[in-house]
Amino acid sequence: MKNSIAIYGAYGHTGKFIVAELSRKGYQLILSGRDEEKLQQLKKQYPNSTIKAADISDPASLDNAFSGSEIIINCAGPFLDTAEPIIESALRLGIHYIDLSAEQKAVLDVFENYAEKAKGKILIIPAVAFYGGLGDLLSTAITHDWGKIDEINIYIGLDSWYPTKGTRLTGDRNHYTRLTLKNNQLQELEPSVPIDWNFQNPIGIKQVVSLPLSEIITISRHLNVNTINTYLSQNSLDDLRNKDTPEPEAIDEKNRSSQHFSLEVVAVKDNIKRKITAQGQDIYAVTSPLVVETVNRILSDKTAKTGVTVIGEIFDAADFLKSLNEDDITISAIEESHL
């Protein structure tokens with residue numbers, strides 16, 4: 001019998017993708033969250049799973065829910081609210097912790113509050129998701145032999161964005177000033193003008209705007225880089241900000257929506273430029289293979305580290321990317337040129 005994994009927010013949109021993939025891999029699942037009724041509904045699809053309702057305001061219920069698992073996956077945003085109580089439970093129980101946070105402040109808080117507390121005890125990996133983790137892996141892979149990096153630019157193009165309830169809740173909750181990295185220091189994002197970026201097919205040319213997310217925090221924690229910028233396509237932001245934009249609708253056997261994405265990373269050192277691209281379908285769905293591969297690697301003892309870390313730092317980034325299924329995500333070869 002495979003290891004037991006606890007998923008908090010299991011019935012959420014992204015949580016369901018993760019539950020489905022972990023189930024396919026044969027893991028024993030503990031499905032958790034606040035809503036007992038939604039857990040009961042989900043259990044009908046996964047009859048061999050265990051359900052344990054728990055509330056972040058009730059530490060005893062969290063400990064009861066996660067007891068017996070080896071890893072807790074927190075899929076319940078806003079992570080500004082859920083990360084701390086669940087990490088505290090993970091520390092009490094001695095269980096590793098993963099979350100999906102795109103929120104810069106939530107990831108910063110995890111580093112600042114738990115880096116020392118978790119050392120020698122558990123592994124805490126925030127931002128294992130499309131926003132955060134994927135950009136970190138790609139940036140690490142293309143700069144693996146560079147001791148010092150002048151600049152990393154991340155361009156995210158979506159042909160559309162059908163936001164989930166969780167995305168909208170997080171947006172309403174996350175009122176903190178966005179940070180970027182400049183002169184090797186986190187600084188408040190300054191106003192900038194939109195630029196055009198050619199994402200090639202299927203996204204094409206899109207106007208992009210500066211919108212730093214949790215990858216700024218994760219990359220800057222382990223790569224020696226002077227400047228990091230993240231740009232997001234304006235059309236997807238317009239979809240997000242439009243209250244009438246519908247939630248994602250499944251169109252295939254993996255329950256993915258019709259949305260396509262392209263995430264490009266361009267890194268510069270001296271007069272050398274490197275570029276790598278990841279493309280796929282549905283930014284919520286693609287988080288699942290990232291999480292499941294992280295679980296696989298932790299449980300196969302591919303790391304002896306404890307404390308707070310990020311997937312670009314703790315794993316061999318190129319090997320991690322290579323292990324992902326092309327149906328989930330397609331990674332280009334690294335392009336190198338001289339400026």
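- Note on residues 49-91: no pairs pass ring-ring contact (aromatic ring centres under 6.0 Å, His included), not counting sequence neighbours.
- In summary, Lys206 and Asp196 do not engage in a salt bridge, as defined by a charged side-chain N under 4.0 Å from a carboxylate O.
- Judged as a ring pair (Phe, Tyr, Trp, His ring centres under 6.0 Å), and not counting sequence neighbours, the contacts of Phe130 are Phe261.
- Put simply, the side chain of Ile329 reaches to within 4.5 Å of the side chain of Leu134, judged on heavy atoms.
- Placement of Tyr97 and Phe111 within a single hydrophobic cluster is found when ILVMFWY residues are connected by side-chain heavy-atom separations under 4.5 Å, directly or transitively.
- Under the 3.5 Å distance criterion, the side-chain polar atoms of His96 are matched with a main-chain donor or acceptor of Leu123.
- Under the rule for a side-chain hydrogen bond (donor to acceptor under 3.5 Å, both in side chains), Thr143 has no partner lying at least two apart in sequence or in another chain.
- More than 12 non-hydrogen atoms from other residues, nucleotides or ligands lie less than 6.0 angstrom from NZ of Lys275.
- Distance CG/Leu29 to CD1/Ile7: 4.5 Å, rounded to 0.5 Å.
- Residues passing the side chain to side chain contact (heavy atoms under 4.5 Å, CB included) test with Gln279 are Pro202, Ser262, Thr277, sequence neighbours excluded.
- Transitive grouping of hydrophobic side chains (ILVMFWY, heavy atoms separated by less than 4.5 Å) brings Ile125 and Leu299 into a common cluster.
- Of all heavy-atom pairs spanning Gly132 and Thr218, the tightest one is O-OG1, 4.0 Å.
- In this structure, Glu313 contributes its side chain and Ile311 its backbone to no donor-acceptor pair below 3.5 Å.
- The side-chain heavy atoms of Ile73 and Ile71, taken from C-beta on, include a pair separated by under 4.5 Å.
- Sorted by first and then second residue, the ring-ring contact (aromatic ring centres under 6.0 Å, His included) pairs with a member in residues 6-63 read His13-Phe17, His13-Tyr284; sequence neighbours excluded.
- Looking at Ile283 and Leu263, their side chains never come closer than 4.5 Å, going by heavy atoms from C-beta outward.
- In terms of heavy atoms, Lys44 sits closest to Pro47 at O-CD, 3.9 Å.
- Placement of Tyr162 and Leu211 in two distinct hydrophobic clusters is found when ILVMFWY residues are connected by side-chain heavy-atom separations under 4.5 Å, directly or transitively.
- Its side chain within the 4.5 Å cluster rule, Val266 clusters with Tyr155, Ile195, Trp197, Phe199, Ile203, Val208, Tyr231 among the Ile, Leu, Val, Met, Phe, Trp and Tyr residues.
- At a threshold of 4.0 Å, the pair Lys254-Asp282 does not count as salt-bridged, since none of the basic side-chain nitrogens sits closer than that to a carboxylate oxygen.
- Atom CG of Leu321 is separated from atom CD1 of Ile331 by 5.0 Å, given to the nearest 0.5 angstrom.
- Ile30 is listed as a side-chain neighbour of Ser4, based on a closest heavy-atom distance under 4.5 Å.
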Let me see the working for Ser89 and Asp63 under side chain to side chain donor-acceptor pair (under 3.5 Å), right down to the final yes or no.
CA-CA 6 Å; Ser89 179; Asp63 291 358; 2.6 Å; yes
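- Taken from CD in Gln185 to OG1 in Thr180, the straight-line distance is 12.5 Å, to the nearest 0.5 Å.
- Scored by the side chain to side chain contact (heavy atoms under 4.5 Å, CB included) test, Asn48 finds no partners at all (sequence neighbours excluded).
- Checked by atom type, the side-chain pair Gln41/Glu37 shows no donor-acceptor distance below 3.5 Å.
- Residues Pro126 and Thr309 share a closest heavy-atom pair of CD-O, 3.2 Å.
- Leu80 forms part of a hydrophobic cluster together with Tyr176, judged by ILVMFWY side-chain heavy-atom separations under 4.5 Å.
- Val268 and Ile142 fall into different hydrophobic clusters, defined by Ile, Leu, Val, Met, Phe, Trp and Tyr side-chain heavy atoms under 4.5 Å apart, directly or through other members.
- The two residues Ala278 and Leu138 come nearest to each other via the heavy atoms CB-CD1, 3.9 Å.
- In terms of heavy-atom proximity, Cys75 sits nearest to Gly15 at SG-CA, 3.9 Å.
- More than 12 heavy atoms of other residues, nucleotides or ligands lie within 6.0 Å of NZ in Lys269, so this atom counts as buried by the packing criterion.
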Step by step, work out the side-chain contact (heavy atoms from CB on, under 4.5 Å) result for Arg297 and Thr294.
CA-CA 5 Å; Arg297 287 174 182 246; Thr294 300; over 6 Å; no
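- Listed by chain and number, the residues in a side-chain hydrogen bond (donor to acceptor under 3.5 Å, both in side chains) with Glu247 are Lys165 (sequence neighbours excluded).
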Evaluate the criterion side-chain contact (heavy atoms from CB on, under 4.5 Å) for residue pair Glu88 and Tyr114; output intermediate values, then yes/no.
CA-CA 9 Å; Glu88 291 288 351; Tyr114 295 103; 2.9 Å; yes
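- For Glu336, the side chain to side chain contact (heavy atoms under 4.5 Å, CB included) partners are Ile272, Arg274, not counting sequence neighbours.
- Asn229 and Asn153 share a donor-acceptor pair across their side chains, judged by distance under 3.5 Å alone.
- Heavy-atom minimum distance, Ser258 versus Asp159: O-OD2, 4.1 Å.
- Annotation for Lys43: atom NZ counts as buried by contact number, over 12 foreign heavy atoms lying within 6.0 Å.
- Residue Val291 forms a side chain to side chain contact (heavy atoms under 4.5 Å, CB included) with just one option from Ile5, Val128, Thr14, and that option is Val128.
- Gln200 is linked by a side chain to side chain contact (heavy atoms under 4.5 Å, CB included) to Asn198, counting only residues two or more places apart in sequence or in another chain.
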Name every donor-acceptor pair, under 3.5 Å, that has one atom in a side chain of residues 236-246 and the other anywhere in the protein, sequence neighbours excluded.
{"from": "Ser236", "atom 1": "OG", "to": "Ser233", "atom 2": "O", "distance (Å)": "2.6"}
{"from": "Ser236", "atom 1": "OG", "to": "Ser233", "atom 2": "OG", "distance (Å)": "3.0"}
{"from": "Asp238", "atom 1": "OD1", "to": "Gln234", "atom 2": "NE2", "distance (Å)": "2.8"}
{"from": "Asp239", "atom 1": "OD2", "to": "Trp161", "atom 2": "N", "distance (Å)": "2.9"}
{"from": "Asn242", "atom 1": "OD1", "to": "Asp244", "atom 2": "N", "distance (Å)": "2.9"}
{"from": "Thr245", "atom 1": "OG1", "to": "Asp239", "atom 2": "O", "distance (Å)": "2.6"}
{"from": "Thr245", "atom 1": "OG1", "to": "Asn242", "atom 2": "O", "distance (Å)": "3.2"}

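- Atom CG of Leu22 sits about 11.5 Å away from atom OG of Ser49, to the nearest 0.5 Å.
- The pair Asp136-Arg221 fails the salt-bridge criterion, with no side-chain N (NZ, NE, NH1 or NH2) lying under 4.0 Å from an Asp/Glu carboxylate O.
- Considering only heavy atoms from C-beta on, Gln104 comes within 4.5 Å of Ile216 through its side chain.
- Clustering ILVMFWY residues whenever any of their side-chain heavy atoms sit less than 4.5 angstrom apart, transitively, puts Ile152 in a cluster other than the one holding Leu189.
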Stepwise side-chain contact (heavy atoms from CB on, under 4.5 Å) check, Ser210 with Glu190:
CA-CA 9 Å; Ser210 187; Glu190 296 174 357; over 6 Å; no
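- Atom-to-atom distance recorded for Thr50:OG1 and Gln28:CD is 7.0 Å, nearest 0.5 angstrom.
- For the pair Asn224/Asn184, a side-chain contact is recorded, criterion being any heavy-atom separation below 4.5 Å from C-beta on.
- Counting heavy atoms from C-beta outward, Gln281 and Ile251 have side chains that approach closer than 4.5 Å.
- Within the 4.5 Å cutoff, no side-chain heavy atoms of Gln187 are placed close to those of Leu181.
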